[in-house]
Asks: 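To start, I am sharing the structure in question, which I have written as structure tokens.
Atoms considered below: every heavy atom in the structure, side chains included; atoms not considered: hydrogens, waters and symmetry mates. Position 1 is the first residue of the sequence; numbering continues from there.
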Amino acid sequence: PQSVDGFRRGVEFGFEELGSTRAPVVAAGFSFGGALVNYYAGHARAWKVPVPHSVFSIFPTKRVPGRPAGTPPASVRFVILAGDRDDVVGTSGATDLMAWLKRHPAAKKTYRLVRSSAALTASHEAPKEMTAASTRTFWKPIDVLVADARRSG
């Protein structure tokens, strides 16, 4: 539970350091960070930080027991990935976050199971690889979300 508090302080400090900005925000995280970025979206208003335009959660863990993740505004776009060969968190974190988002607009949430191929084994370590397949699977979607956030304003 203290991790959520530390993450919150980091988010608040980061935005404080940026000063007044109207730049759109895309929150991306991997593993435990993949769960924490959802806490940010669910609590952004209460934390008095900008609401993210979108959240990209790569192979997330489950939410922290006893720490509600809040309620994200309906405007936030969620993309949650799980790997078919992730033997660290499996699909349980992604499934847990999709359950948390059950009342969120269907058009604003995507669950994607990354399937292994000859070019990429969708293990927990896959996002750390420096390959064309890893870039296409994990980094290109972030670029798309950032471009969309910029267009939306």
Side-chain angles (χ1 to χ4, degrees), residues 1-115 122-128 134 137-153:
Q2 293 84 359
S3 315
V4 176
D5 296 332
F7 177 73
R8 174 187 180 170
R9 285 190 300 277
V11 169
E12 291 169 336
F13 178 76
F15 282 112
E16 183 179 303
E17 286 296 304
L18 284 173
S20 179
T21 179
R22 295 195 182 269
V25 176
V26 174
F30 165 68
S31 197
F32 187 51
L36 289 173
V37 291
N38 292 280
Y39 279 80
Y40 161 41
H43 293 291
R45 289 186 176 140
W47 293 357
K48 295 181 174 57
V49 295
V51 172
H53 180 271
S54 53
V55 171
F56 191 65
S57 187
I58 304 168
F59 299 0
T61 62
K62 290 182 180 180
R63 290 172 286 165
V64 178
R67 292 303 299 262
T71 303
S75 63
V76 180
R77 172 86 175 103
F78 289 88
V79 179
I80 300 175
L81 274 55
D84 71 351
R85 294 202 188 154
D86 186 340
D87 60 358
V88 175
V89 300
T91 60
S92 62
T95 301
D96 176 58
L97 290 169
M98 289 303 290
W100 168 64
L101 291 170
K102 70 182 171 195
R103 290 190 173 90
H104 202 70
K108 291 285 192 171
K109 59 186 176 187
T110 300
Y111 169 85
R112 194 172 105 215
L113 180 63
V114 178
R115 299 198 180 274
S123 70
H124 199 70
E125 300 305 311
K128 299 176 190 176
S134 180
T137 303
F138 304 106
W139 295 102
K140 292 287 184 190
I142 295 172
D143 293 341
V144 169
L145 292 172
V146 168
D148 182 55
R150 286 180 174 157
R151 277 191 304 276
S152 298

Asks: Output every pair passing ring-ring contact (aromatic ring centres under 6.0 Å, His included) with a member in residues 11-33, not counting sequence neighbours, ordered by first then second residue.
Replies: F30-H124
Asks: Mind listing the closest non-hydrogen atom pair of R67 and Y39 along with its distance?
Replies: O-OH, 2.8 Å
Asks: Which heavy atom of R103 sits nearest a heavy atom of K109, and at what distance?
Replies: N-NZ, 4.4 Å
Asks: Can you see which heavy atom on Y40 is nearest to which on P50, and at what distance?
Replies: OH-O, 2.6 Å
Asks: State, yes or no, whether a side-chain contact exists between S57 and N38 at a heavy-atom distance under 4.5 Å.
Replies: yes
Asks: Which atom pair, heavy atoms only, marks the closest approach of T61 to V89?
Replies: CG2-CG1, 3.7 Å
Asks: Contact between V4 and F7 at the side-chain level, heavy atoms closer than 4.5 Å - yes or no?
Replies: no
Asks: Drop me the distance from I142's CD1 to K140's NZ, to the nearest 0.5 angstrom.
Replies: 11.5 Å
Asks: Under the salt bridge (charged side-chain N to carboxylate O under 4.0 Å, His left out) test, which residues partner K128, sequence neighbours left out?
Replies: E125
Asks: Between R112 and T137, is there a side-chain heavy-atom distance shorter than 4.5 Å?
Replies: yes
Asks: If you count the non-hydrogen atoms of other residues, nucleotides and ligands that lie under 6.0 Å from NZ in K62, is the total more than 12?
Replies: no
Asks: Are the side chains of F59 and V88 in contact, using a 4.5 Å heavy-atom criterion?
Replies: no
Asks: Mind listing the side-chain donor-acceptor pairs of residues 69-82 below 3.5 Å, one per line with the distance, residues two or more places apart or on another chain?
Replies:
| residue | atom | partner | partner atom | Å |
| --- | --- | --- | --- | --- |
| R77 | NH1 | T110 | OG1 | 3.0 |
| R77 | NH2 | T110 | OG1 | 2.6 |

Asks: Do R151 and D148 sit within salt-bridge range, that is, some charged N less than 4.0 Å from a carboxylate O?
Replies: yes
Asks: Quick one: closest heavy-atom pair of A35 and P60, and the distance?
Replies: N-CB, 3.8 Å
Asks: Of all the heavy-atom pairs spanning G29 and V37, show the shortest one and how long it is.
Replies: N-CG1, 3.8 Å
Asks: Mind checking whether L101 and Y111 have side chains closer than 4.5 Å, heavy atoms only?
Replies: no
